[in-house]
Amino acid sequence: RGLLCLRACLPLPAEANQTFHTDSPDLPECFQLSVLSWLPCVYLWLACPPYLFYLQRNNMGYIMMSVLNRVKTVFALVLWIVCWTDLFGTFNELHQGHTQPPIYFVTPLVVGITMLLATFLIQFERLRGVQSSGILFIFWFLSVLCAIQSSLCAVVSWILIKYFPRTLSLQVPLMRCVPPCPSMAIKGYKNPLEAKDLWSLNKRDSSEEVVPKLLREWDLEQIKAHRESNHVGGENSPEEVEVLLSKTKTHKKPSFLRSLIKAFGPYFLIGSAFKLLQDLITFVNPQLLSLLILFTKQKEAPTWWGYALAFLMFFTAFLQTLILHQHFQYCFVTGMRLRTSIIGAIYRKSLIITNAAKRTSTVGEIVNLMSVDAQRFMDLTTFLNMLWSAPLQIILALYFLWQNLGPSVLAGVAVMILLIPLNAAIAVRTRAYQMQYKDTRIKLMNEILNGIKVLKLYAWENSFKDKVLEIRQKELNVLRKTAYLGALSTMAWTSAPFLVALMTFAVYVTVDKNNILDAEKAFVSLSLFNILRFPLNMLPQVISSVVQASVSLKRIQDFLSHEELDPDCIMKRTNNHLRERMHFTDVPWCVFVRSINLMVPQRSLLAVVGHVGCGKSSLVSALLGEMEKLEGHISIRGSVAYVPQQAWIQNATLRDNILFGKAYNEQKYRSCLEACALTPDLEVLPGGDLTEIGEKGINLSGGQRQRVSLARALYNEADVYLLDDPLSAVDSHVAKHIFDHVIGPEGALQGKTRILVTHGISFLPQVDNIMVMVEGRVSEMGSYQELLQQNGAFAEFLRNYSLEDIIEDEATVALIDEEEDFPDDVLSNHTDMVDSTHKSLKVFWEYVKAVGPLLTLCICFLYGCQNAAAIGANIWLSQWTNDAAQNMTQENVSMRVGVYAALGITQGILVMVSSFTLAMGNIGAARKLHYALLDNKFHTPQSFFDTTPIGRVINRFSKDIYVIDEALPSTVLMFLGTFFSSLSTMIVIVASTPIFAVVIAPLTFIYVFVQRFYVATSRQLKRLESVTRSPIYSHFSETITGSSVIRAYGRHDAFVLMSDMKVDENQKSYYPGIVANRWLGVRIEFIGNCIVLFAALFAVIGKDNLNPGLVGLSVSYALLVTMSLNWMVRMTSDLESNIVAVERVKEYSETKIEAPWEVEDKKPSPDWPSQGKVEFLDYSVRYREGLDLVLKNLTLSVVGGEKIGIVGRTGAGKSSMTLCLFRLLEAAGGEITIDGVKISEIGLHDLRSKLTIIPQEPVLFSGSLRMNLDPFDKYNDGEVWKALELSHLNKFVSNQPAKLELECSEGGENLSVGQRQLVCLARALLRKTRILILDEATAAIDLETDDLIQSTIRTQFEDCTVFTIAHRLNTIMDYTR
């Protein structure tokens, strides 16, 4: 009986004829019952064990039994019953004497048990929370294919497959890939998406899971590296070890890469397995194409062969699509997790690095680690598999080519090998042109925008504009060189497959006369060459990305390896005294705190006084544990609150800034506001204490910021208060209020230990102890009376100033006017732009105008020509292959090869010319758009900068200009390339098989619909992603600036959590973007696969009228189209996203501008103003349209040479009055004349260059000290040194090795606030104009230095008109009025 069965399964000649050589084929019954029935069963049993193990490990929750689930279970059971019925039917026949082969018993049994297994899986998946199963989907799919013969089984299976996966998306084994939820896509298509419409992030992708995973591995790496470093010395004595160490210096660094691989490698490997599978399937279609061309040659072959081949090509391509997108899903999710974990690790590290480490990198550089370097890793993971996949594809392609054309392939390989160094050289050169200028330009723009007020006051705009344009020119030169290389690279990429084909075919036909190039050989080889194009192009790119990522890796690794603050350098004690004894170094400025012995009793108030730069703030930093302790010890009893010298304000509500994470207590909160004199300020803020404070406290005055900082400390209720000069930013009236109500012996902090750094002498009699610091040492210490009795230098100093201070106390100035009004629009009503479709055509036209309309037409024409040349070359090849059929091969060889080569080379040259022309057009547009933006921003009135967050303007100069410089040109290039390539494919297929035109319309309709549907949602997701991205970076830079405050208050963990939430919020809109791309990819490639199917079908239908050459041409073009269509949608989407940058730059290039800098016919005489006489006539001014007047009908006449002191409460309009002289505020009524000239009629530069101001906040720009004093190089070194001498800076500068070229860091951070103020004084002394304005210029300076400055001003500006806004009466005691 067994033999009978075997014989039944053998394909006898008659059965082979019944199967293959007939127009109505059928499979043998035994084959159907064995192979076809068992195939799905074998698959399910093999896949089941690992899948069950996976489900056991990953429980995703419990799903309730739904109607759909019940239906699925019932149908699976029905199938099981059908199998058993079949088995019992066979037994029944046996019983009646009909002998059946064993296969009739075995198959129902196997299938029946498998159906039970499927039923079990349906329920088990429901219990483990799996909504849609890839394993079962493939099982039912195979069952349908194999059971097509058995009608009942087929019907039931079809029902199952219909019901089972709710979306025929990427359901694949071993992993539940989330299919793009149609509801979100539909919502995004109809209305703009909002954050609430997004899915919540999978827990396994969230910061909570991902960051600790990486940090665990990184900690292990550090421990391992530390252990290995310690093994260097071995068994030697300590002295020998020291010698050895000094010789070898083998300090092993921990490997961040290894940590990343351990944390995320296994998940990534699953994606790599899919990539391997996809690579293998890629080579099936060229083989099928070969069979199809063979089929068209055999006129007597059964038609169904052709149909089978056409459908096989379709299914192969479709399977390839599904597997490829599953691979991408894994890669993108890995990339997303990498970015989350790297950002998390950098954020956590930035909170605990030492000041020395912090100084090695600016805030901008650390933010770059987060934004650029983390992003690089994310981008790399997508194509990382190409490192092994590209060589594999190249080897396989060469193997099949060898099979096809024999050794002639080596000629093609030689061309490829020769092209590799060319591509590599281009890549290396392009890398060499790294955008180093971009960073320099952004850094400079950042400083310019932060100090724009100073630039306007000094009329320095032109100097800085030229600086920016100089850097920009270098940047554009680099872009131009990159464009030359890009054009070469594009030519090499486009021409590579053609050159390889040309060489191979030419060698093949010339080597041996018997070698005939027929359609099958030519077009199969061509499709293999086209497969080669992708790995050949990707490999150099991936390698250069790996090089870039390795640079990023090193930067991140170095940052994460920085020294951390020692949490144990301060001992927290519970004894009754606070004792300190210390010896420190590593100070924020070039000062050391040395050998300090100090004990501050509990509940006492210690004042720390001393000159500028003597180490007062360093002492406070030391008490916070911010310094590197060399020896000694510090112990502090209880918790600490800290008020820094420059208040740190968060971008949050005023109330949140004060509460700082503590619970809200109405009574306590109100008393804090009262004590810090904030109650009147709340009345003028638009939302009271719930007003949103802008970044860096932009909508609060300096005094208000300082009082908020103080209120935060007061509300925090700590045991020890470290107050670093909190009274310098407020006027004397408020300072007295704060001292009495908060700091002093009767204040809210009377029971606490307080250390107060101060310059205000009037409060010293009320403190318990005074400590005098000189050059980092304690010079004297004791109570006020003790120090007076000691009669040291301090007593002398006190006697000089106390008299004036007592007068100041008696005449406490309280010219209380209403506070400066901060209107609702202070946080800028023009929110960031959201892109809209109807605008985009107008924006495209703007861009075309910037490129040049004529040039645009020329570019399109060149693209058309290059595609025409490509089509011509392939049609020529098709004709050439037809020679074989007509036996005319030898006569025409040289002519055929020559014309083919000419057409191909023409195409290469056209490609280069068109990409170069396009690049030149793009660079021209980038230059115009940047210049317009820069020019407008220098001419924009100050009010714009007061109401617009700096970040928003910087964004235009960095992100948007980057997009216009680099992203947009490459997108346009790709778009034009893919558009013309898709167009040429359609033309070729229609020309070969005109009937194809019938399906073009429906396919185009589906394509356009899918494209619009995707682009609508995708653009919304991109917008949400970019909107949620900036808070990550702004929160981060805010954290770095306030890290000492965060640590002092112990808010480290809360801030880490805030950062994690912001990152997760951003990934929440990024993840649907990934899934949307997969959704699009599957559908667009499905359309491409349909084009392959129809091209093949119509070739089969019309095979009698078509020659093999045309079939090969048509189908090989169709096989190419999938990639083009896919890229075209991506590029359309990217183009629409990127063109928004043009719109945003345009918007800021057209904001309202201030009055002209120079008015030719109203130029004042060169020696104006000769007297310095200033008159205000009935003058009124408001900050902006629609706001109340700040100065009301002010009339005032000042004779030349008079010294005028201006006093008044905060917000009384003191600063506004000085700003009016410079026309930073334009008059609402009345006028100002200087020496009889109306200032409203002359140019702004003519006016501002003749006035000098020493502003309230000293602003320095990064660059040399000399540049900061004299950006136009108007004065010689002698004059500069004279100015430094008069401003008491010459000793400091001459001690520096670089002298005048001393490099000032960003914002002058390497000078103390007092020194910066002295630099501003030196500027004023250099300009020496007839009118000088001092805006609270000496608030941050100790009294002695203040006295020196005042005496300098009295002597040097003796004959000038001086306006001084004063906080201390002694500064203006001897003024005229």
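Fair warning: this is a prediction, and the values are worked out from it, not measured in the lab.
- Residues Ser1197 and Lys1173 have side chains that never bring a donor and an acceptor to within less than 3.5 angstrom of each other.
- What you find for Ile1239 and Leu1221 is that their closest heavy atoms are CD1-O, 3.7 Å.
- Of all heavy-atom pairs spanning Leu455 and Glu461, the tightest one is O-OE1, 3.8 Å.
- Annotation for Glu1038 and Ile649: closest pair OE2-O, 4.4 Å, computed over non-hydrogen atoms.
- Asp466 and Asn462 share no side-chain donor-acceptor pair at under 3.5 Å.
- Counting all heavy atoms, side chain and backbone alike, Asp1235 lies closest to Ser1170 at OD2-N, 2.8 Å.
- For Phe957 and Tyr1148, the ring centers are positioned 6.0 Å apart or more.
- Looking at Trp1168, its side chain does come within 3.5 Å of a backbone N or O of Ile1234 through a donor-acceptor pair.
- Looking only at side-chain heavy atoms (C-beta outward), Lys474 and Val478 stay at 4.5 Å or farther from each other.
- You'll find the side chain of Cys1220 reaches within 4.5 Å of the side chain of Leu1191, heavy atoms only.
- A salt bridge does not link Glu1147 with Arg1144: none of the charged nitrogens is closer than 4.0 Å to a carboxylate oxygen.
- Between Arg1248 and Glu1154 there is a salt bridge, since a side-chain N of the basic residue sits under 4.0 Å from a carboxylate O of the acidic one.
- A side-chain contact (heavy atoms from CB on, under 4.5 Å) with Phe1357 is found for exactly one of Thr1352, Leu1325, Thr1329, Ile1331, namely Leu1325.
- Judged by distance alone, the side chain of Arg1316 and the main-chain N or O of Val1259 form no donor-acceptor pair under 3.5 Å.
- Among all heavy-atom pairs drawn from Phe1292 and Leu1302, the shortest one is CE2-CD2, 4.0 Å.
- Side chains of Ser1149 and Lys1146: a donor-acceptor N/O pair is absent below 3.5 angstrom, by distance only.
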request  = I would like to know whether Leu1219 and Lys453 meet side chain to side chain contact (heavy atoms under 4.5 Å, CB included); could you show each step before the answer?
outcome  = CA-CA 10 Å; Leu1219 295 180; Lys453 190 171 181 179; 3.8 Å; yes
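- A heavy-atom distance below 4.5 Å is found between the side chains of Gln942 and Ile452.
- Counting heavy atoms from C-beta outward, Phe1261 and Met1267 have side chains that approach closer than 4.5 Å.
- By the 4.5 Å heavy-atom criterion applied to side chains, Asn477 and Arg480 are counted as neighbours.
- Tyr458 contributes a side-chain N or O that, together with a main-chain N or O of Ile1253, makes up a donor-acceptor pair within less than 3.5 Å.
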Verdict with supporting geometry, Arg1323 and Leu1260, side chain to side chain contact (heavy atoms under 4.5 Å, CB included) = CA-CA 11 Å; Arg1323 279 179 192 161; Leu1260 266 62; 4.2 Å; yes
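- Taking the six-membered ring for Trp and thresholds of 30 and 60 degrees, Phe1176 and Tyr1179 have ring planes more than 60 degrees apart, a perpendicular arrangement.
- Ion pairing between Asp1270 and Arg1266 holds under the 4.0 Å rule for side-chain N and carboxylate O.
- Atom CZ of Arg1327 sits about 5.0 Å away from atom OG1 of Thr1252, to the nearest 0.5 Å.
- More than 12 heavy atoms of other shown residues, nucleotides or ligands fall within 6.0 angstrom of atom NZ in Lys1163.
- Few gaps surround NZ on Lys1203; more than 12 heavy atoms of other groups in view lie less than 6.0 Å from it.
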